[in-house]
Asks: 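Encoded as structure tokens, here's the structure I'll be asking about.
All figures in this text were calculated on a predicted structure; none of them were measured in a lab. Numbered from 1 within each chain, the chains take letters A, B, ... in sequence-line order. Side chains are part of it too, since the values below use all heavy atoms of this structure and drop only hydrogens, waters and symmetry mates.
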Amino acid sequence: MPVTAEGSVQTVHVHPRARDYPGSFLDGVIPQEAELTCGTRIEPGKSYGFFTDTTLCIGCKACEVACKEWNALPADQIGFTGMSYDNTGGLSANTWRHVAFIEKRGPTGTRQTDQAAFQSGWLMMSDVCKHCHNAPCLEACPTGALFRTEFDTVVVQQDICNGCGYCVPACPFGVVDLNPLDGKAHKCTLCYDRLKGGLEPACAKACPTDSIQFGEVPVLQARAEARVEQLQQLGVAGAHLYGAPEGEGATGGLGHLNAFFLLTERPETYGLPPAPTRPANRVAPGLLAGLATMAGLAVTALALLGGRR
Amino acid sequence: MRDAPGPGPDYDGPTYYDRPSLKPAPFNTTVVGGYIFLAGLAGTAQMLAALAHRARPRGFRRVARTGHALSLLAPTLGASLLIYDLHTPQRFANMLRIFRRTSPMSIGTWVLMAFSGSSIATVAGDWLGRVPGLRWLRPVGRAAELPAAVSGAALGTYTAALLSATSTPLWAAAPRALAVRFGASSVASACAALSLAERQADNHRTARDLDTIALAALGVELAASLACRRRWRALGLHAAEDTPAGAVLMHGGADLVGTAVPMTLHAAALAAPPAASRRGSALGSLAILAGSLCLRIGVLETGDATALRPRESLGFAQPKNLPRR
Ligand code: SF4
């Protein structure tokens with residue numbers, strides 16, 4: 001039997017067992033629920049993003065699961081990659097959060113002996129679309145399917161994308177991907193639909209350690225800097241930000257990354273490029289050099305063709 | 001999966017289990033390579049037609065007409081290949097929703113539109129301009145020659161900017177040299193096609209002129225090819241040398257068949273008396289066409305390989321390789 005929540009127009013279908021616990025019913029969607037879950041009011045016109053603090057990540061993959069559940073994304077591959085505990089492998093059309101597992105090893109490939117006993121040497125990091133400030137995928141898109149939302153995030157409009165695939169090599173982080181089944185490009189939307197309803201993105205809400213923090217980008221940036229300082233004082237010398245304005249990960253004209261990270265090793269360890277660039281900066285040099293070549297050869301041709309007799 | 005170390009300061013830092021850090025372009029390399037080749041040929045054929053017409057309106061009438069006819073390769077076969085490569089082809093027209101100046105794919109779409117329209121007008125003027133009642137097509141065709149030539153020049157080279165404006169290391173590494181290379185290869189291929197047509201019509205003198213232009217273009221292409229190779233090596237991008245497809249297409253196809261062989265043949269043919277040079281010139285022209293296609297497919301293939309190799313992509317995305325400002 002459908003239960004209609006008071007004051008809401010929509011009919012909410014609940015599991016029969018849930019009706020045994022009427023106290024758990026929410027009165028529809030809580031307006032601005034994100035204020036309760038992460039202290040962030042979601043309003044159009046502001047810039048939102050993720051701060052992913054890898055020192056807090058425990059590799060539980062709750063973010064991966066929450067993302068798949070909310071966005072109804074199927075599994076990519078069932079099987080073993082043969083490396084660590086990461087059978088997800090990487091981001092793809094169907095995987096918008098990917099938890100990387102890296103077991104630190106010494107130069108000989110074995111466990112480092114200078115590591116304290118009973119301590120794990122794991123680095124875990126939940127990767128995601130960076131929602132770049134100058135987003136190369138968006139700048140490459142010839143249909144306008146990729147657009148910047150009112151929350152300063154980058155989203156592919158599925159009803160417009162024609163699957164040209166140009167955004168895929170444009171992305172400096174190997175994020176956006178085509179799904180061969182539907183012929184469209186897919187990637188993290190930073191839960192555009194949830195933001196519209198005042199909800200914190202699924203991955204950030206599910207993260208049990210707050211390794212993934214959602215919020216306004218300037219607020220997150222300030223928090224991240226404080227966190228780096230704290231870690232440095234605690235002796236984590238390698239702690240640094242990836243994707244802070246003009247910093248590592250946001251080089252070459254990318255500006256800054258709305259989804260940025262705190263790393264403790266060099267970015268390549270996690271498969272991230274230390275110094276990516278903005279592809280759009282190469283449009284003018286390429287076009288001008290090409291046209292100059294054409295002009296030069298045209299003048300040569302004209303001289304040769306007109307010269308005879 | 002680790003690559004044999006090549007010359008140059010190659011990346012020897014960490015990777016994530018040697019998994020790719022980038023995604024390669026989901027283009028069908030043969031289809032898109034075919035389009036780039038046809039667009040280059042068609043665009044520059046139109047440019048050469050306009051130049052020939054300007055140089056000697058009467059003497060080069062046939063070259064101009066052949067150039068106009070060749071330009072139709074772009075709106076017909078070329079556009080079909082492009083649409084075929086879309087993963088949702090029925091939405092092709094969505095390309096016309098916007099113009100985006102940061103996207104060479106968007107720029108190229110509009111260049112192709114302008115080129116197709118003006119090229120069809122030049123051909124209509126040639127083919128129908130004598131039909132009574134359709135004589136007005138002749139001045140229209142003549143007026144379309146300049147826009148067709150200018151958009152044709154752009155069509156012959158924008159594809160290099162399209163590839164460079166990505167994060168694929170091989171394409172991003174040398175935007176200027178790649179554009180020069182594509183442009184020169186386009187000019188050579190159009191000269192080759194036009195020269196073949198002129199030889200067919202026993203017009204050896206014009207064919208020799210075209211072969212001379214091709215020779216100049218091949219010289220430029222060779223220089224740009226060396227510049228590309230130097231830059232790729234310096235950046236530790238070896239896919240063009242050590243992948244089988246790369247070696248065959250780029251070295252055997254683009255450099256040997258596409259430039260070295262036709263340069264020799266054309267030079268020899270130009271030294272011989274006009275009619276005697278026929279076979280060498282035709283062979284050289286065919287080699288140019290084959291090499292031009294190999295170059296485009298080879299650059300696409302080897303670019304994808306560099307995107308898939310984390311040592312090449314992470315090695316490329318190092319602070320020392322950032323453009324100086
Ligand atoms: S990380 Fe890639 S997919 Fe995400 S906004 Fe930047 S360019 Fe686009």
Asks: In terms of heavy-atom proximity below 4.5 Å to chain A, should B/M95 be classed as side chain, backbone, both, or neither?
Replies: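 For B/M95, heavy atoms of backbone and side chain both lie under 4.5 Å from chain A.
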
Asks: Heavy atoms only: give me the nearest A/F173-B/L22 pair and the separation to one decimal.
Replies: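 Looking at all heavy atoms of both residues, the shortest contact is N-CD2, 4.2 Å.
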
Asks: Is it the backbone or the side chain of B/Y158 that comes under 4.5 Å from a heavy atom of chain A, or both, or neither?
Replies: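 Both parts, heavy atoms under 4.5 Å.
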
Asks: Give me the contact list for residues 160-169 of chain B versus chain A, heavy atoms only, anything under 4.5 Å, ordered by residue number.
Replies: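 From residues 160-169 of chain B, the residues near chain A are B/A161, B/L162, B/S164, B/A165, B/T166, B/S167, B/T168.
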
Asks: Quick one: what part of A/D182 sits under 4.5 Å from any heavy atom of chain B, side chain, backbone, both or neither?
Replies: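 The backbone, not the side chain.
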
Asks: Quick one: what part of A/C137 sits under 4.5 Å from any heavy atom of chain B, side chain, backbone, both or neither?
Replies: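 For A/C137, there is no contact with chain B at all, as no heavy atom is under 4.5 Å.
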
Asks: If every non-hydrogen atom of B/R54 is compared with every non-hydrogen atom of A/L302, which pair is closest and at what distance?
Replies: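 What the structure gives for the nearest pair is CB-CD1, 4.5 Å.
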
Asks: I'd like to know if the side chain of B/S21 reaches the main chain of A/L272, judged simply by a donor and an acceptor atom lying under 3.5 Å from each other, with no hydrogens or angles considered.
Replies: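 Side chain of B/S21 to backbone of A/L272: no pair is present.
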
Asks: Looking only at heavy atoms, what is the nearest atom pair of B/M47 and A/M294, with distance?
Replies: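 Result for this residue pair: CE-O, 4.0 Å.
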
Asks: Select all residues of residues 99-108 of chain B having any heavy atom within less than 4.5 Å of some heavy atom of chain A, and report them by number, or 'none'.
Replies: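 So far as heavy atoms go, B/R100, B/R101, B/T102, B/S103, B/P104, B/M105, B/S106, B/I107 are the residues that approach chain A to under 4.5 Å.
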
Asks: Please classify the contact between B/P24 and chain A as side chain, backbone, both or neither, with a heavy-atom cut-off of under 4.5 Å.
Replies: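 Backbone only.
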
Asks: Using non-hydrogen atoms and a 4.5 Å limit, figure out which bit of A/P276 sits close to chain B: side chain, backbone, both or neither.
Replies: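 Backbone of A/P276 only, per the 4.5 Å heavy-atom cut-off to chain B.
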
Asks: With a 4.5 angstrom heavy-atom cut-off, could you sort out which part of B/S313 is near chain A: side chain, backbone, both or neither?
Replies: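 Looking at B/S313, nothing touches chain A.
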
Asks: Indicate the atoms forming the closest heavy-atom contact of A/S92 with B/K23, along with that distance.
Replies: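 Heavy-atom minimum between the residues: CA-CE, 4.3 Å.
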
Asks: Quick one: CZ on A/F101 to OH on B/Y16, what's the gap to the nearest 0.5 Å?
Replies: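 Answer for the CZ-OH pair, A/F101 versus B/Y16, is 8.0 Å.
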
Asks: Please look at A/L138 and chain B and tell me whether the side chain, the backbone, both or neither of the residue comes under 4.5 angstrom of a heavy atom of that chain.
Replies: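 The answer is both parts of A/L138.
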
Asks: Side chain, backbone, both or neither: which part of A/S84 has a non-hydrogen atom closer than 4.5 Å to chain B?
Replies: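 Both backbone and side chain.
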
Asks: Heavy-atom distances under 4.5 Å only: say whether A/T269 touches chain B with side chain, backbone, both or neither.
Replies: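 A/T269 touches chain B through backbone and side-chain heavy atoms alike.
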
Asks: Look only at the side chain of B/R91 and the backbone of A/C161, and say whether a donor-acceptor pair between them is shorter than 3.5 Å.
Replies: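 Checked: pair present.
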
Asks: What part of B/A307 gets closer than 4.5 Å to chain A, counting heavy atoms only: side chain, backbone, both or neither?
Replies: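 Neither part.
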
Asks: Can you name the nearest heavy-atom pair linking B/N94 to A/I160, along with the distance?
Replies: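 What the structure gives for the nearest pair is ND2-O, 2.6 Å.
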
Asks: Would you mind checking which part of A/T143 comes under 4.5 Å of any heavy atom in chain B, side chain (CB onward), backbone (N, CA, C, O), both or neither?
Replies: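 Both backbone and side chain of A/T143 come within 4.5 Å of chain B.
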
Asks: Check A/A301 against B/L48 and note the closest heavy-atom contact, atom names and distance.
Replies: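 Minimum heavy-atom separation between A/A301 and B/L48: CB-CD2, 4.1 Å.
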
Asks: Below 4.5 Å from any heavy atom of chain A, which atoms of B/V220 appear? Answer side chain, backbone, both or neither.
Replies: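 For B/V220, side-chain heavy atoms alone lie under 4.5 Å from chain A.
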
Asks: Let's test your reading of the structure: which of A/G165, A/P274, A/P136 forms the most heavy-atom pairs below 4.5 Å with chain B?
Replies: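 Looking at each option in turn, the highest pair count goes to A/P274.
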
Asks: Could you tell me which portion of A/Y166 (side chain, backbone, both or neither) has an atom closer than 4.5 angstrom to a non-hydrogen atom of chain B?
Replies: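 Interface part for A/Y166: both.
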
Asks: Out of A/P169, A/A292, A/A289, which one racks up the most heavy-atom pairs below 4.5 Å with chain B?
Replies: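 With the most close heavy-atom pairs to chain B, the winner is A/P169.
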
Asks: Under 4.5 Å, counting heavy-atom pairs only, tell me which of A/G286, A/G296, A/G163 racks up the most with chain B.
Replies: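 Heavy-atom pair counts peak at A/G163.
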
Asks: Between A/L178 and chain B, with a heavy-atom cut-off of 4.5 Å, which part of the residue counts as in contact: side chain, backbone, both or neither?
Replies: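 It is the side chain, since no backbone atom gets that close.
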
Asks: If we only count heavy atoms from C-beta on, is the B/I213 to A/L305 side-chain gap below 4.5 Å?
Replies: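 Yes; the side chains approach each other to less than 4.5 Å.
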
